[in-house]
Structures are given as C-alpha cells and as structure tokens.
Amino acid sequence: MRQRIILDVDTGVDDSLALLYLLASPDAEIAGIASTAGNVPAAQVAINNLAWLELARAPEIEVALGAADPLEIPLRTTEDTHGPHGVGYAELPTPIRRISTRSAAQMWVDLVRRHPGELVGLCTGPLTNLALALREEPDLPRLLRRLVIMGGAFNHPGNTTPTTEWNIHVDPEAAKVVFDAFSFAPPDRRPIVCALDITESIEMRPTHLIRLAERAGSHPIETVSPADPPEARSVASNPIIRHLTDAVRFYFDFHDGYDLGYLAHMHDPFAAAVALDPALARTRPATVDIELEGALTRATTVADWAGIWGRPPNADIVVGTDPVRFFDRMIARIGDHARALYPGQPVGDPVTRLR
Ligand code: RIB
Ligand code: CA
C-alpha cells in the first residue's frame with residue numbers, strides 16, 4: 001500500500017538521500033515537502049528540494065518554505081557539516097520549479113485536515129514548522145496516521161553539545177511543543193523517534209557508493225577517498241549518482257575530520273525507511289521531554305523509560321535495527337530508480353576524476 005508522506009526536511013546531505021529514497025520507493029507518495037531552516041537557511045533548503053526533484057524527474061510535488069527562524073532563538077546553521085549550500089560538494093542544476101505560495105506550517109495543517117488519518121509525517125530537521133502547525137491545529141496528532149522524527153539522543157552522546165542532537169538543538173522550544181502535543185496520543189499515534197542512539201549505527205562508507213553506482217549502471221565506478229581534494233568532482237555517467245557522490249563525499253570528509261572515520265551517519269534516509277516500514281525498527285515506549293533551562297544541558301531530550309514522572313508515554317524510541325538490511329534496501333531502491341531515470345547515459349569520461 002502506498003504511504004502518503006508529509007516530508008519536513010532541512011536538506012542537507014542525508015536529507016537529500018531521504019528524499020531520493022522516498023522518490024525511489026513504489027510504496028511512497030510525497031504529499032508535500034516542508035523546507036525547514038536547520039543545516040542551511042530555509043530558502044536554501046527549498047532550492048535544494050526543488051533541485052533534487054528536478055534532477056529526479058519527479059512529478060509535481062509541493063515544496064513549501066518554512067519559517068526563517070526557530071520559535072524563540074536565532075537560527076544556527078551548519079554549513080561546515082553539509083557544505084556551503086547544504087548539499088556537500090554537489091553543484092545541483094538551478095531548479096525551474098517554484099516554491100508553493102503557502103507556508104510550510106500552513107501546508108501541514110491543510111494536508112492533515114484534508115486527509116484525516118491518512119498521512120505519515122516524517123521530520124528529518126528541526127521541528128519548527130511542525131510546532132507552528134500544531135499551534136494552528138492542536139488536533140494534528142489525531143489527524144496524522146503516524147509521525148516519524150529523526151532527532152534526539154537518549155542513552156548516547158550528543159553530536160552538537162555533549163548531550164544534544166542537532167535537530168533538537170536548533171529549536172528546542174519547537175521540540176517541546178511537539179512532544180507535549182503527543183503526550184496523550186493513543187499508542188498507535190505515538191511518534192517513532194530515530195535518535196542518534198540508532199542512527200549513528202547507520203554508517204555509510206565508500207563501498208556503499210560503489211554499490212549504488214553499480215546498481216544504477218553508472219560509469220565509471222568511482223572510489224572516493226580521503227585523498228580526494230575538495231575540488232574533485234564525480235564524472236559518473238548517471239546524474240543522480242554523480243551529484244549524490246559529490247554530496248556524500250563532503251559528509252565523509254566532515255566525519256573523517258572529527259575522527260569518526262571516513263564514513264557518514266545516514267540519519268535521515270534511515271528515518272524515511274522506518275516511516276515506510278516500521279518493521280525495520282524495534283522500539284520501546286517512553287515519556288520524552290526537552291530540557292529548556294539547563295546551562296549545560298539545554299535542548300537535551302530526556303526519556304523516562306520507567307514511568308517515574310507518572311506521565312503516559314508520548315514516543316516509541318527506536319532501540320534496534322539491522323543496518324545491513326537498511327543499506328541493501330536503500331541501494332536497491334535508489335540505484336534502480338537512478339538507472340530507470342537515466343537508462344542510457346553515455347559512459348562517463350574514462351579519464352580519472354577531476355583533481
Ligand atoms: O543530527 C543529525 C540530524 O541533523 C540530521 O537530520 C542531519 O541532516 C541534521 O539535520
Ligand atoms: Ca536533516
């Protein structure tokens with residue numbers, strides 16, 4: 001059965017793979033894309049979304065612009081992590097498609113009201129626009145069929161401060177609005193939360209890019225490496241593979257620069273795969289709240305697993321998965337889709353990559 005998805009992203013490198021994964025999935029239909037400020041400003045997120053849709057020859061899908069800033073604090077972006085434009089070293093063609101006339105928050109509200117109980121929400125960026133939508137439509141948790149959130153860190157170190165994860169850190173007030181709003185949701189409406197605890201086990205490596213290129217029938221098959229200079233660019237014959245390689249290589253460099261290895265944590269495409277198939281994840285219910293006051297811990301996601309607070313669970317936190325099964329599925333779907341989109345591209349320039 002096709003899942004109709006409201007996708008809320010801060011496109012970013014791994015958000016880009018989440019979008020491509022959904023476009024490549026026969027069991028997914030994107031009802032609309034909310035462009036949320038986070039990795040890069042909202043306007044750049046929207047451009048990135050439109051550019052990937054055009055490159056992927058996607059049907060007309062609404063891309064709405066989110067709020068410029070978080071609910072209560074100035075925006076903080078992270079171009080050092082995702083590249084100057086949010087898509088690593090990729091230089092995506094400037095899109096012709098235009099953004100929607102309605103805001104991201106309004107798109108959330110209108111879509112859930114028009115399709116009550118049918119849509120799956122997937123948030124892979126800060127929760128600013130979902131929080132704004134909840135303020136306009138408090139019944140949103142009941143009107144959504146399911147919500148999946150990439151965010152937070154529970155029994156795991158943060159990636160932004162010692163205890164905080166980026167999406168929550170950018171807009172902790174919004175995260176509190178969202179988790180409070182789901183505090184009385186019935187068990188089948190609790191958000192599925194893909195936190196760093198699990199997403200930092202989803203480690204993409206150069207061999208995964210090779211498998212993607214092979215599956216797409218792209219040439220030449222390139223091996224990216226830490227020795228590649230920043231100005232190197234893929235010459236893969238398949239445009240999806242070419243731009244994906246340039247995007248992900250920046251993310252490899254970033255993780256390598258922090259001694260995490262020449263790899264990239266694929267937070268967002270994992271959350272997308274769970275949104276389409278929750279059976280990929282083992283979850284545990286907990287009551288989640290957001291620390292807003294701590295001098296050292298502000299924006300920390302706190303999980304009460306044992307009911308100490310006496311409040312009902314408002315989240316199902318992913319505590320287990322099979323990364324190999326996820327990568328097999330992601331590579332098959334994106335690789336097959338890339339091949340179908342660009343079947344007969346001439347063999348890429350056989351000379352070695354631009355240095
Ligand atoms: O902490 C990881 C999350 O922050 C991912 O969604 C990444 O894209 C960034 O938004
Ligand atoms: Ca993201």
Side-chain angles (χ1 to χ4, degrees), residues 5-22 30 33-42 44-49 52 63 66-67 70 75-88 90 104 121-130 147-154 156-172 174-175 178 191-204 244 247-248 250-255 258 260 263-275 290 299-301 317-318 326 330:
I5 306 276
I6 302 178
L7 179 60
D8 193 320
V9 288
D10 64 333
T11 307
V13 172
D14 56 333
D15 305 76
S16 302
L17 273 99
L19 175 54
L20 290 171
Y21 181 85
L22 295 176
I30 301 176
I33 303 175
S35 307
T36 291
N39 290 325
V40 290
Q44 184 63 58
V45 172
I47 290 168
N48 294 342
N49 291 332
W52 282 117
V63 174
L75 174 63
R76 174 185 171 191
T77 56
T78 183
E79 288 80 357
D80 62 321
T81 307
H82 290 267
H85 305 297
V87 285
L122 169 60
C123 296
T124 66
L127 296 170
T128 308
N129 295 295
L130 179 53
L147 177 65
V148 177
I149 295 170
M150 191 281 130
F154 296 100
H156 194 87
N159 64 358
T160 306
T161 69
T163 62
T164 65
E165 178 279 325
W166 172 259
N167 290 335
I168 308 300
H169 177 88
V170 168
D171 196 344
V178 171
I192 298 175
V193 181
C194 303
L196 295 184
D197 307 53
I198 203 74
T199 63
E200 288 195 346
S201 71
I202 312 296
E203 297 181 338
M204 189 170 192
L244 199 53
V248 171
F250 188 99
Y251 217 22
F252 283 164
D253 285 345
F254 170 79
H255 287 75
Y258 280 86
L260 296 169
L263 56 86
H265 295 140
M266 283 294 143
H267 313 276
D268 297 346
F270 175 73
V274 171
I290 313 297
T300 299
T301 47
I317 299 172
V318 178
F326 160 73
M330 185 185 81

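Atoms within each ligand, like the ligands themselves, are counted from 1 in listed order. Any value given below was found using the heavy atoms of this structure, including those in side chains, with hydrogens, waters and symmetry copies removed. Positions are given from 1, in the same order as the sequence printed here.
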[X] side-chain N/O to [Y] backbone N/O, donor-acceptor pair under 3.5 Å:
{"X": "Asn167", "Y": "Gly152", "answer": "no"}
{"X": "His265", "Y": "Thr199", "answer": "no"}
{"X": "Asp8", "Y": "Leu127", "answer": "no"}
{"X": "Glu79", "Y": "Pro84", "answer": "no"}
{"X": "Asp15", "Y": "Asp10", "answer": "yes"}
{"X": "Asp171", "Y": "Pro126", "answer": "no"}

For the aromatic rings, using the six-membered ring if either is Trp, is the centroid distance between Phe254 and Phe250 under 6.0 Å?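 No, too far apart.
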
Suppose I only count heavy atoms of [X] and a 4.0 Å limit; which atoms of ligand 1 are within that range?
{"X": "Asp15", "value": "8 (O)"}
{"X": "Met150", "value": "2 (C), 3 (C), 5 (C), 6 (O)"}
{"X": "Trp166", "value": "1 (O), 4 (O), 9 (C), 10 (O)"}
{"X": "Thr124", "value": "6 (O), 10 (O)"}

In Å, rounded to the nearest 0.5 Å, how long is the span from CZ of Phe326 to CE of Met204?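 So the gap between those two atoms works out to 8.5 Å.
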
Could you state the interatomic distance from CG (Asn49) to OG (Ser16), rounded to the nearest 0.5 Å?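 It comes to 8.0 Å.
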
With a cutoff of 4.0 Å, is His82 in contact with ligand 1, counting heavy atoms of the residue only?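 Within the 4.0 Å threshold, so yes.
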
Heavy-atom nearest neighbour in the protein, as seen from [atom], with distance rounded to 0.1 Å:
{"atom": "atom 8 (O) of ligand 1", "value": "Asp14 OD1, 2.5 Å"}
{"atom": "atom 6 (O) of ligand 1", "value": "Asp268 OD1, 2.7 Å"}
{"atom": "atom 2 (C) of ligand 1", "value": "Glu165 OE2, 3.4 Å"}

What part of Thr160, side chain, backbone, both or neither, has a heavy atom within less than 4.0 angstrom of ligand 1?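 The answer is neither.
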
If we set the cut-off at 4.0 Å for heavy atoms, which region of Asn39 has an atom near ligand 1: side chain, backbone, both, or neither?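 Within the 4.0 Å criterion, Asn39 contacts ligand 1 through side-chain atoms alone.
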
In the structure I gave you, are the side-chain heavy atoms of His267 and Leu196 within less than 4.5 Å of one another anywhere?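 His267 reaches Leu196 side chain to side chain.
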
Show the numbers, then the answer: is there a side-chain contact (heavy atoms from CB on, under 4.5 Å) between Asp268 and Leu17? CA-CA 7 Å; Asp268 297 346; Leu17 273 99; over 6 Å; no

So how many protein N, O or S atoms does the Ca ion (ligand 2) have within less than 3.0 Å?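 Number of qualifying protein atoms: 5.
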
